[in-house]
Amino acid sequence: MSAAGGTITMLVGAVLLRLTVTDTYRRYVKGGLGLWLTIAGIAIVLLGLVTLVRAIRRSRPSHEHDHGIGVGWLLLAPIAALLLVAPPTLGSYGVGRAANVNIKAGRGVFKPLPRGQEPLAMSLLEFGQRAYDHHGTSFNNAPVNLIGFVAGDVDGGFELARYTISCCAADAAPIVVRVLGTSGDPPSRDQWVTVTGKFRPGGGNIPDLVATSVAQIPAPKDPYE
Amino acid sequence: MGGVGDDVALSEAARGQLHEHRQDRRADVGVAVVVLVIVAAAALRPLLQDLLDKPAVAHWATIFVAITVQAMPFLALGITVSAAIAAFVPDDFLPRVLPDRPALAVPVAAVAGAALPGCECGSVPIAGRLVSRGALPAAALTFLLSAPAINPVVLVATAVAFPGKPGVVAARALASLLAATVVGLVWARFGNDKFLERARRRHSHDGPPLSVMVETAQHDLLQAGGFLIVGAATAATLQTAVPRSILDSVAGSGAASVLALAGLAVVMAICSEADAFVAASLTQFSLTSRLAFMVVGPMVDVKLIALQAGTFGGRFALRFAPLTFVVAAGSAILVGWWLL
C-alpha cells in the first residue's frame with residue numbers, strides 16, 4: 001500500500017480522535033459511542049502510521065504490486081470538511097419535515113411531581129410523555145424547566161424543540177412543545193433557550209407550556225436527548 | 001550466446017528501474033494530491049462556512065457526517081476480524097470445517113450470525129473474507145444478512161424499545177432468520193457465483209502474518225471507507241430531499257404501509273442497533289409494518305448496498321439487494337401475520 005493510502009488512513013483516525021477530544025462528536029452520534037470512537041481512532045491512526053513507515057522504508061519497490069487507493073480517495077471529502085468546519089447540530093430545518101413522533105409509545109403511568117418551590121429540570125420527551133399520561137395530571141401543577149431550541153413561531157409564543165437520538169443523527173426524531181404566554185418578540189429560530197413554566201392541559205398533539213421565564217443560552221454540550 | 005544473455009539481463013534491470021521510477025512517481029503524486037485537497041479545502045473555508053449557513057445544506061452535512069462517524073467503530077471491528085482471518089486462518093481451513101451442502105450450511109450460517117455483536121457495517125468485510133477464503137458463498141451471504149439482525153445487542157435494544165411486547169423481539173428474530181435462510185438458499189440454487197468475482201479476486205498478501213494483517217486491513221479500510229462515503233452521501237441526500245412527513249399520508253396498516261416502512265428503512269440507512277427505537281416511535285403504523293422496517297433495515301439500505309458493491313462487485317449488489325428486499329419484506333409480513 002502506498003504512502004498516500006497511509007496518509008489518508010492516518011487523517012481518518014486523526015479526525016475521529018479530534019471529534020472525541022473536542023466533544024464535537026456529540027453533534028453526530030450518541031454520547032456513549034465516544035469510547036468506541038476513541039479506540040477506533042487510535043487503531044486507525046496506528047494502521048496508517050505503519051503503512052506510511054513501511055512505504056517510506058521500502059527502498060526498492062517490492063514485487064507485491066501496489067494496490068490503487070481507488071474509492072478510498074473519497075474519504076478525503078469528510079476529512080477536509082471536518083478539519084475545517086464541523087457541520088452543526090441538527091436544527092429547526094428538520095423539525096417540520098420529520099414524521100410525527102408519537103410519545104404515547106411505551107412508558108407506563110407517571111408518579112405525580114412533588115409540588116416544590118424550585119422548578120424541576122425535565123427532558124422534552126418526559127414532558128410530552130407526562131402530558132399524554134392521563135392528560136398531564138402527574139404534573140400536579142408543579143413548575144418545570146425545559147431546554148431546547150426555537151423551532152418556529154406560533155400564536156402567542158413559539159415552538160420549542162429538541163431531537164432525541166438512539167444512535168446517530170440519522171435516526172433523530174424531534175420532540176416539540178408549544179411555549180405560550182411569552183411577551184415580546186420570540187427568540188430567533190434555532191436559538192437555544194431554557195424555559196420555565198407550567199403544563200397547561202388541552203394542547204392536543206403538541207403539549208402546551210405556559211412560560212414564566214424564557215432565557216437564551218448557548219447550545220448545551222449534549223445537544224440531543 | 002553469452003552476449004545475448006547479458007543484453008536480456010541488462011534490459012530487465014533497466015525495465016525494473018523504470019518500473020521503480022514510475023511507482024515512486026505515482027506514490028509522490030498520491031501524497032501531493034492528499035496535501036492539495038487539504039490546502040484547497042482550507043483556502044475554500046469561507047465558502048464552506050457560507051454553504052453550511054444554508055439550513056438544508058447543514059442538515060445534509062450533519063446527517064452525512066453522522067452516518068460516517070457512527071459506522072467507523074463497527075467498520076474497524078469488522079475489518080480487524082476480516083484481516084485476522086486473512087492472516088491467521090490457513091487457506092484450506094474454512095472449506096474443510098464448514099459444511100459444503102447448502103441445505104445444511106445456510107441454516108447453520110444464519111444461526112451463527114447471532115455470535116457477532118455489531119451492526120451491518122462490520123459484517124460486510126467479514127462475509128467478503130469468508131467468500132475469498134473458500135466458504136460456500138450462499139452461507140457467507142446468509143451470515144452477512146443474519147449477523148446484524150439477530151445478534152444479542154440488537155435483540156436487547158429491540159426489547160428495550162418495545163417494553164411489554166416480547167412478541168416483537170421474537171418476531172424480529174424469527175423473520176430475520178427466515179429471510180436470511182431463504183435468500184441463502186435461493187442464492188445457492190439460482191445465484192451465479194461469477195457475480196462474486198470481486199470478492200474471489202481479492203488475493204491474499206504473502207509474508208509474515210502480522211504484515212499480512214496490516215496490508216489487508218489497510219486495503220479493506222480504504223475500500224470499505226470509500227464506499228461507506230458513497231452510501232452515507234446517498235442516505236443524507238434522500239433524507240434531506242424526501243421529508244419523512246410524507247409517511248403520514250400512508251400511515252395505518254395494509255400493504256402500502258408495509259412497503260412504505262420497508263422503503264424508509266432502505267432510505268434512512270440507520271444502524272441496526274438503533275432502528276428498533278425509530279420503529280417504536282412510528283406508532284401511526286401497524287406492528288407488522290414496523291417489523292418490516294426492522295427486518296429490511298439491517299439487510300438492505302443504501303449504505304449497505306454501496307458497501308456490498310465495494311466488497312463483492314456492482315453486478316452482485318444489483319441482483320442481491322432487490323432479492324433481499326422482497327424476501328425480507330415477505331418474511332416480515334408472514335411472521336407479523338402469525339405472531340403480532
Side-chain angles (χ1 to χ4, degrees), chain A residues 1-5 7-9 12 16 19 25 27-29 33 36-37 39-40 43-44 47 50-51 55 60-61 64 66-67 69-78 80-82 84-85 87-91 93-94 96-102 104-106 166-171 173, chain B residues 19-20 23 27 30-31 33-34 37-38 41-42 45 48-49 52 55-56 58-59 61-70 72-73 76 163 205-206 214-215 217-219 221-223 225-227 229-230 235 239 243-245 247-248 268-271 273-274 277-278 280-284 310:
Chain A
M1 186 49 77
S2 61
T7 312
I8 295 175
T9 307
V12 170
L16 286 183
L19 284 178
Y25 76 98
R27 293 182 189 177
Y28 314 116
V29 297
L33 224 53
W36 302 111
L37 286 174
I39 294 172
I44 293 172
L47 177 64
V50 170
T51 303
R60 294 180 51 78
E64 50 178 308
D66 219 8
H67 300 289
I69 294 169
V71 290
W73 286 111
L74 291 175
L75 283 166
L76 281 177
L82 276 172
L84 301 168
V85 284
T89 301
L90 288 180
Y93 176 80
R97 300 163 57 85
N100 283 331
V101 178
N102 202 327
K104 287 171 228 169
S166 23
C167 193
C168 79
D171 65 55
Chain B
H19 184 66
E20 191 175 336
Q23 281 223 335
V31 176
V33 169
V34 175
V37 169
I38 302 292
R45 180 177 172 162
L48 276 175
Q49 197 71 61
L52 281 179
H59 190 83
T62 304
I63 290 182
F64 169 61
V65 169
I67 294 179
T68 313
V69 168
Q70 179 261 121
M72 274 299 165
H205 299 266
D206 302 322
V214 166
E215 288 274 339
Q218 177 65 77
H219 178 252
L221 183 77
L222 289 174
Q223 275 290 306
F227 279 96
I229 298 297
V230 174
Q239 277 212 31
R244 234 180 291 163
S245 45
L247 281 178
D248 296 338
M268 272 183 85
I270 54 176
C271 183
E273 287 169 9
F277 297 96
V278 176
S281 75
L282 293 166
T283 44
Q284 63 271 47

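A, B, ... follow the sequence lines: proteins, then strands. Residue 1 opens every chain.
Contacts of B:L221 with chain A are made by both backbone and side-chain atoms, with heavy-atom separations under 4.5 Å. Both the backbone and the side chain of A:L37 come within contact range of chain B, each with at least one heavy atom under 4.5 Å from a heavy atom of that chain. With a 4.5 angstrom heavy-atom cutoff, A:L19 touches chain B only via side-chain atoms. Using a 4.5 Å cut-off between heavy atoms, A:L90 contacts chain B through both its backbone and its side chain. Heavy-atom distances place both the backbone and the side chain of B:A66 under 4.5 Å from chain A. Both the backbone and the side chain of A:V71 have a heavy atom closer than 4.5 Å to some heavy atom of chain B. Interface remark: A:L47 contributes backbone and side-chain atoms alike to the contact with chain B (heavy atom separation under 4.5 Å).
Summarising the geometry, atom CG belonging to A:L75 is positioned 5.0 Å from atom CD1 belonging to B:I229; distances are rounded to the nearest 0.5 Å. Between atom CD of residue B:Q239 and atom CG of residue A:D171 there is a gap of 8.5 Å, rounded to the nearest 0.5 Å.
Looking only at distances, no side-chain donor or acceptor of B:T62 sits under 3.5 Å from a matching main-chain atom of A:T89.
Contact count against chain A (heavy-atom pairs under 4.5 Å) is highest for B:A56 among B:A56, B:A61, B:A76. In terms of heavy-atom pairs under 4.5 Å with chain A, the best-connected choice from B:P73, B:A217, B:G225 is B:P73. The candidate with the highest count of non-hydrogen atom pairs below 4.5 Å against chain B, out of A:A40, A:P88, A:A80, is A:P88. Chain B forms the most heavy-atom pairs under 4.5 Å with one residue out of A:V29, A:T9, A:L76, A:V12, and that residue is A:T9. In terms of non-hydrogen atom pairs under 4.5 Å with chain A, the most contact-rich of B:R45, B:H59, B:Q49 is B:H59.
Scored by the side chain to side chain contact (heavy atoms under 4.5 Å, CB included) test, B:A269 finds B:A235, B:D301, B:V302, B:K303 as partners (sequence neighbours excluded).
Remark: of the listed residues B:I63, B:V65, B:L48, B:V65 is the sole one forming a side chain to side chain contact (heavy atoms under 4.5 Å, CB included) with A:P87.
Between B:I270 and A:C167, the closest side-chain pair of non-hydrogen atoms is not below 4.5 Å.
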Under the side-chain contact (heavy atoms from CB on, under 4.5 Å) criterion, do B:V37 and A:W73 qualify, and how do the steps go? CA-CA 10 Å; B:V37 169; A:W73 286 111; over 6 Å; no
